Every structure is written in structure tokens, then in C-alpha cells.
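Just the heavy atoms: all of them, side chains too, but no hydrogens, waters or symmetry mates, feed the values below. Since we're looking at a predicted model, the values are computed, not measured.
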Amino acid sequence: MRGVSGGSPWGRWVLLALDPAEPAWVRCVPFSVILTASVAVIPVVGLGVLAPGLVGAGVALGVALPAVAAALPWRRFPAPVGLTIPILQLVALLLVQLGTDASTGLIAANMLVPIVVLAVDQGTRGAVVAAAGALVVTATPLVSGTHDIAPGLAVARCVLLPAITLAVALAIAEVVDRLDQRRLELERVNARLATTRAWVVEMVTGAPDQAVLGVDADGVVNLCNPGAERLIGRPAAEVVGQRHIDELGQPDGPRLDLADVPEHGTIQDYELVRPDGAARHVRVWVLGSPGLWGEAAPGCILLATDISYEVEARELQRQFTGLVSHELRTPVTAILGYLDLLRGDDENLTEDQRESLAVIERSARRLLLLVSDLLLAAQVDAGRFRISVGPVDLVGLVRTSLAAVGPTAASRGIELVSDLPVSAPLRGDFPRLGQALDNLLTNAVKYSDRGGRVTVSVTQDEESGLTRLSVADTGRGISAEELPRLTERFFRSEEPTIQERFGVGLGLSIVATIVVAHGGRVDIESTVGVGSEFTLVLPTAGPPAESVSGA
């Protein structure tokens, strides 16, 4: 039987009769051989041959069936025609049965082969034919008087044997039908797997920019697609099965963590070294190797993206930010110093000159605030940003910031409103919190239209141990799509009226950095056309110790 392995060679040979994939004549051979062998042992066991002609005819028919089956194109015929060969086998059995006194069932036992073939090939229809054939083969010798059997036993045989044959044939037909359904389902699954595999292989090998590496449980590379070849600068033949993943990185650099990878993988940064010694910074998505039937295979799949240009751009940006910040701070400080000298001679200035000095001072202080933001951004990039914690009079800090932004608000016709308790002490970094509040107030005034209102409020909750500092404005508002990105560095709204306002998109990212360093968070609510509210939620008792550089 095709596809059958294991078992005895004899068993596999007999099963040829049951395999629909075999040619019809091959399936007839086991029956012919078994029938011939059964007739040959009749004299040996002492049974009589009553009609040699009938026995010879039955054996001749059984032996001739393979040739008959080979001569006809059975697969072209309708399914019912397939009943012919098993029925002829039953006829051959009947002839041999009538020609002998083999009442012990030696010949009748040969019915098993055609009965099973009928059930396998023809289903329920074949089971009914098999039962009818069993009745004919059993009852005909008894009715003809060939076999001398007690009437009760004869009736039992004529009833029980066909009934048992029908039950067994129906069971076989049901099992075969279920197996056929499972086979079809398995074929569909295999087709989907083949399609998926071809799609995955095409995607992996054809991805021009995505590097895909596979490693086994020991970390040895077992897959390297063309994108990975270009990234590491080596052909796959020099990598697959030849190198450990750590050998592709910096000798003293970080290693990829390939142990206990979670279900959705991990994102890790790595540094590959090309054969010419050039280093490439890559971001690697480490995934457990997919397995069949939900069982993970040993090893990992690494999806690597070259971020070298991103790393270089961040470094250049950091250097530029630091350079510009330091270069701007000195002249701005000098400008403010000379403004103080000019203000000291206020009596000799005209009203126009005083207004001009006020404009210069506001612009210089705005530039100084931008410089402070740039310096803080440079410190964060360099990993040197820390806060110094001490007692903070939050009410006094708010009043100072309101006084500083007052002239700008007045020039724009914006009303400043405060809702402050008598006192609101907390522990934090006074200059940094002042910088955060200045940024919020500056933004609120800048993005509010003339005649608008900016409200600052402070509340403290003893039960939760939290202090809330809120700045609300009646400006244009921010769309829901842009809210999640407001604290990103250098992000600015796409809204045209906002784009027209001065700014580089650092203010809110600085606010978020300062607040997070204090162990707090920034809550933002905004409605387009109504306004926005930014709330700094701070722990009253102070930030966690790891963020503090001094007390």
C-alpha cells in the first residue's frame, strides 16, 4: 500500500487490495492468491470436492480477475461500476463453496477481502452489496443441499453472517469516510503551509532593506537573507553555520539577549562590525523561532534595521544644540546686562525709548528661555540631567512666573488669572520647576488670541500626596490626533495658525522631562476651538532618590 510503512511485508502485501491508489489489477492479486491457496489445502485438511468443475470454474474466475481488471479503464467508469470486481470475487467464492463440502467456513473466510474492498471503495452502497453477497454465498449452498447443516444453525448463519457483515462494512465505510475527510483537511492545511512558506521565503529573501538573521539555540547563524548580507558585508555562505551572532558584533560591545524571549519579542540595539572594520548601529527585533502546532522551535529570528544614520544624526543634533546653547547664552546675558544699565538712567529716556527697551528685554528673555531649553536638552542627551531637591514655595513660584510673563500677556491683551491657596509647599527643584512653568505660561500666552484668558491654579491633596499645577488657556486647542505627540522634542502642530507662531517645539518636551524627573506626569486636555489645559501632577513629598543630585 502506498505511503504505508512499518508492519510485516505480508500485511503490506495484503493491504494492496484496499489501496484505491493502486491499479485495479494489482488490487485483485491478493484475493486470487488467497483463494487459490484455500482451495489447495482442501484435500490436505480432509474436505471433499463434490463438483470439481464448479471448483475449477471458481478458481479460474478468481485467477482471471487481475487480467480482466487490467484490460478495462476502470477509472473512466462511473462509481457504481466499481462494484463489478468485488461481486465477481463473491461469485468465484460461491462457485468454490458449491463445489466443496467446506462447511467449516474455510472458503467463506475469503469473503473478508471483497467485503472490505466494497466498504472502502463504495461506502454505504458497498456495505449493502457486501451484506447481500454474504447472504448469497452463505445461503445458496444450504438451500441447494450441498452442505448438510442442522436447520437451526443454517438459519443462524443466514441471519447473523449478513448482519455482522453489514455492521462491519458500515463501520469500515464510516471510518474510511472520516479518514478521507481528514486527508482532505490535511491536504488543505499542507497547501496553506506550502503557500505560507513560499510567501515567507519570498518575503525574507526579497526584502531589499530588512535584514533577517536566524540563530539556533546556541546562537549560531542558520539563516541570512540578502538584506542581512548587505548589512553585515558578508555572503551568507560565510555566515550560515559558520559564525556565532556575537562574532558579528564589537568584541567588547554589548551582546544580544537571546534567552527567555517573550511572546512578542524584544527590541534591542546592537553594533555590527563589517569586514572592513566599519561599525553599523542596528535595532534588532528578537523573536522566538516559530514552530509547528504552537510549539516554539529552538533559536530566534532577528529582524535588524540599520539605524546608523539615525544615531549619527542624533549625535550631530546633540553637538549642535550644545554648541548653539553655549554660544547664545553669553551675548544674551550681555544684552540683558546692558539693558539693566540703560534702565538705571531711566529719567533721561523718552517714553518711546522705554517701550523699545521693554521690547528688547522681552525678546532677550524669550531667547534666554530658549537657550535654557536647548541646554537642558543637551544635558538629557548626554545623560547628565539631574535635579537638586529642596523646599519649594509653589505659590511664590507661580507669582514670580506670572510677573515675568505679565508684560507679554498685556501687550497681547490676554488676561492672567490665578487660583492659588495661601501656601503650597512641596519638595522639588525650584529653578527647574520654574523653567517648566515658564514654558507652559509662555505657550499659553503665545497660542491664545487677543482678548483671551490664561488661568493658573494650584491644588494639593493630602490623602494622595499629590500636588497639581494647572495652566489653562482659551486658545485654538489641539486636535486629538496630535495630543499624544505634544511632548515629543521638536514637534509642532500642523495647524497653520499655530505654525505661524514663533517656536521650535522644545518647550513641552522640556516640561515633560522636568516633571518625570520629579516622579510626576503631565496631563493634557484640549478641545479645538475651546482651549487647552496642561496639568503637572507632582509628588508633594519630592521625587524618587535616583533622580536627585543633591538635597
Side-chain angles (χ1 to χ4, degrees), residues 355 358-374 376 394-420 424 433-459 468-515 521-538:
E355 291 180 2
V359 171
I360 294 173
E361 183 177 11
R362 286 197 300 270
S363 299
R365 292 197 180 279
R366 187 170 63 182
L367 189 56
L368 186 61
L369 180 61
L370 175 60
V371 171
S372 298
D373 288 345
L374 289 170
L376 191 146
L394 192 55
V395 172
L397 185 146
V398 170
R399 288 173 176 162
T400 300
S401 294
L402 285 172
V405 79
T408 303
S411 68
R412 295 178 56 83
I414 295 172
E415 179 186 7
L416 296 179
V417 180
S418 61
D419 181 10
L420 307 174
L433 290 176
Q435 185 178 4
L437 181 56
D438 288 343
N439 280 333
L440 288 182
L441 286 172
T442 301
N443 276 354
V445 171
K446 178 168 56 178
Y447 296 119
S448 293
D449 293 331
R450 179 171 296 276
R453 183 175 64 257
V454 174
T455 304
V456 183
S457 61
V458 174
T459 59
R468 287 176 169 80
L469 171 60
S470 298
V471 177
D473 62 59
T474 57
R476 299 297 181 90
I478 303 145
S479 66
E481 292 78 13
E482 293 182 333
L483 276 179
R485 300 191 59 195
L486 283 183
T487 57
E488 291 182 12
R489 188 179 299 179
F490 300 113
F491 172 77
R492 298 196 69 207
S493 172
E494 297 295 332
E495 211 278 321
T497 58
I498 294 179
Q499 283 284 332
E500 293 173 0
R501 310 296 172 94
F502 172 80
V504 294
L506 271 177
L508 290 178
S509 69
I510 295 300
V511 171
T513 299
I514 293 172
V515 172
R521 69 178 188 274
V522 181
D523 293 341
I524 305 174
E525 295 181 3
S526 186
T527 303
V528 175
V530 177
S532 306
E533 181 175 7
F534 296 82
T535 301
L536 312 186
V537 183
L538 302 163

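Closest approach of G434 to L397, counting heavy atoms only: N-CD1, 3.7 Å. Residues S532 and I478 approach most closely at OG-CD1, 3.6 Å, considering heavy atoms. Across every non-hydrogen atom of V522 and A512, the tightest pair is CG2-CA, 4.0 Å.
Side-chain atoms of R412 come within 3.5 Å of backbone atoms of S448 as a donor-acceptor pair (strictly under, hydrogens ignored). With hydrogens and angles disregarded, a donor-acceptor distance shorter than 3.5 Å links the side chain of T474 to the backbone of R453. Proximity of a side-chain donor or acceptor of D473 to a complementary backbone N or O of V454 within less than 3.5 Å is not detected. Of the possible donor and acceptor atoms, one in the side chain of R450 sits under 3.5 Å from a partner among the backbone N and O of S411.
Of the inter-residue distances, the one linking D449 atom CG with I414 atom CD1 reads 8.0 Å to the nearest 0.5 angstrom. For the atom pair CZ of R468 and CG of L538, the computed distance is 10.0 Å after rounding to the nearest 0.5 Å. Once rounded to the nearest 0.5 Å, the distance linking CG of L508 with CG of L440 reads 6.5 Å. Atoms CG and OG, on L433 and S401 in that order, are 10.0 Å from each other to the nearest 0.5 Å. Atoms CG and CG, from L402 and L437 in turn, are 7.0 Å apart once rounded to the nearest 0.5 Å. Note that the CD1 atom of I510 and the CD atom of Q435 stand 6.5 Å from one another [nearest 0.5 Å].
For R399, the salt bridge (charged side-chain N to carboxylate O under 4.0 Å, His left out) test picks out no residue, with sequence neighbours left out.
Counting only heavy atoms from C-beta outward, the side chains of V471 and L441 approach each other to under 4.5 Å. Counting only heavy atoms from C-beta outward, the side chains of V456 and L469 approach each other to under 4.5 Å.
A 6.0 Å sphere centred on CD of E533 holds more than 12 heavy atoms belonging to other residues, nucleotides or ligands.
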